[in-house]
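All values derive from a computational prediction rather than experimental measurement. Proteins come first, then strands; the chains are lettered A, B, ... in the order of their sequence lines, and each starts at number 1.
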Amino acid sequence: QKEVEQNSGPLSVPEGAIASLNCTYSDRGSQSFFWYRQYSGKSPELIMFIYSNGDKEDGRFTAQLNKASQYVSLLIRDSQPSDSATYLCAPQSAGNKLTFGGGTRVLVKP
Amino acid sequence: GAGVSQSPRYKVAKRGQDVALRCDPISGHVSLFWYQQALGQGPEFLTYFQNEAQLDKSGLPSDRFFAERPEGSVSTLKIQRTQQEDSAVYLCASSLPSGGSRSTDTQYFGPGTRLTVL
């Protein structure tokens with residue numbers, strides 16, 4: 001079992017719809033959880049982070065965390081073609097290192 | 001302000017050659033991380049520095065991989081006797097240490113060095 005699991009996709013959503021991305025993790029010691037976006041051929045860029053159970057909203061993005069279920073998700077509202085990218089889930093463990101999932105590829109179709 | 005920079009951006013090596021990859025972190029960032037990203041996969045942790053101290057090198061795949069940060073700023077990842085399986089993008093990230101604010105644990109990534117071993 002991988003430490004961080006994500007559906008590889010592609011997740012195809014029409015423009016303007018909500019994209020829902022899921023991530024499960026195995027390390028119960030993880031404290032903070034990061035979502036990065038990675039365009040093809042580029043390096044990861046931070047979308048947002050969450051460390052408390054519940055929801056956290058930032059613009060069109062909402063992160064949800066449930067530590068008991070070891071589950072974190074990202075919602076992208078009003079999806080735009082520019083949101084087409086791979087989204088990486090990364091729990092942060094003691095020592096600050098990030099453990100990345102394989103990423104979910106999102107395709108937003110006009 | 002300037003972000004994390006890495007050089008070279010692309011490196012082609014013949015199998016058996018040694019390579020050195022450089023990372024310049026964001027000014028003032030104490031923590032520096034190296035990750036390896038194979039095609040179609042997420043980044044995998046290699047090693048972590050806090051200032052000049054290498055606190056975690058558990059992700060280095062073999063003793064052919066060596067990293068240093070002698071003055072606590074610029075870091076070099078060296079790969080000796082490169083093999084084809086070393087072909088990947090090598091990402092460097094930096095962050096401020098947590099001072100009680102979670103936001104300062106955020107890692108900011110450089111553009112990466114794409115290494116191709118022939």
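Taking the side chain as every heavy atom from C-beta outward, B:Leu91 and A:Pro44 approach each other to under 4.5 Å. For the pair B:Ser58/A:Lys97, a side-chain contact is recorded, criterion being any heavy-atom separation below 4.5 Å from C-beta on. Taking the side chain as every heavy atom from C-beta outward, B:Pro43 and A:Leu98 never approach each other to under 4.5 Å.
The CD atom of B:Gln6 sits 8.0 Å away from the OG atom of A:Ser43 when rounded to the nearest 0.5 Å. Atom CD of residue A:Gln38 and atom CD of residue B:Gln37 lie 4.0 Å apart, to the nearest 0.5 angstrom.
In this structure, B:Phe49 is not a member of the same hydrophobic cluster as B:Leu96, with clusters built from ILVMFWY side-chain heavy atoms closer than 4.5 Å. Linking Ile, Leu, Val, Met, Phe, Trp and Tyr whenever their side-chain heavy atoms come within less than 4.5 Å puts A:Ile76 and A:Val72 in one cluster. Under the 4.5 Å side-chain contact rule for hydrophobic residues, B:Tyr48 and B:Phe65 do not share a cluster. Under the 4.5 Å side-chain contact rule for hydrophobic residues, A:Val13 and A:Ile47 share a cluster. A:Tyr25 and A:Leu74 fall within a single hydrophobic cluster, where Ile, Leu, Val, Met, Phe, Trp and Tyr side chains are chained together by heavy-atom contacts under 4.5 Å.
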| field | Step-by-step ring pair (Phe, Tyr, Trp, His ring centres under 6.0 Å) determination, B:Phe45 to A:Phe100 | value | CA-CA 8 Å; B:Phe45 171 80; A:Phe100 286 88; over 10 Å; no
| side-chain contact (heavy atoms from CB on, under 4.5 Å) between B:Asp105 and A:Phe49, worked out | CA-CA 10 Å; B:Asp105 288 330; A:Phe49 65 92; over 6 Å; no
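Contact annotation for B:Phe109: both backbone and side-chain heavy atoms come within less than 4.5 Å of a heavy atom of chain A. Only the side chain of A:Leu46 comes within contact range of chain B, with heavy atoms under 4.5 Å apart. Contact of A:Gln6 with chain B is not made at all, since no heavy-atom distance falls under 4.5 Å. For B:Leu55, no part sits under 4.5 Å from any heavy atom of chain A, backbone or side chain.
For A:Lys56, the NZ atom is densely surrounded, since the number of other residues' heavy atoms within 6.0 Å is greater than 12. In B:Arg69, the CZ atom is crowded: over 12 heavy atoms of neighbouring residues, nucleotides or ligands sit closer than 6.0 Å.
A pairwise comparison of heavy atoms in B:Thr106 and A:Phe34 identifies OG1-CE2, 3.6 Å as the closest pair.
In this structure B:Gln41 satisfies the side-chain contact (heavy atoms from CB on, under 4.5 Å) test together with B:Ala38, B:Glu44, sequence neighbours excluded.
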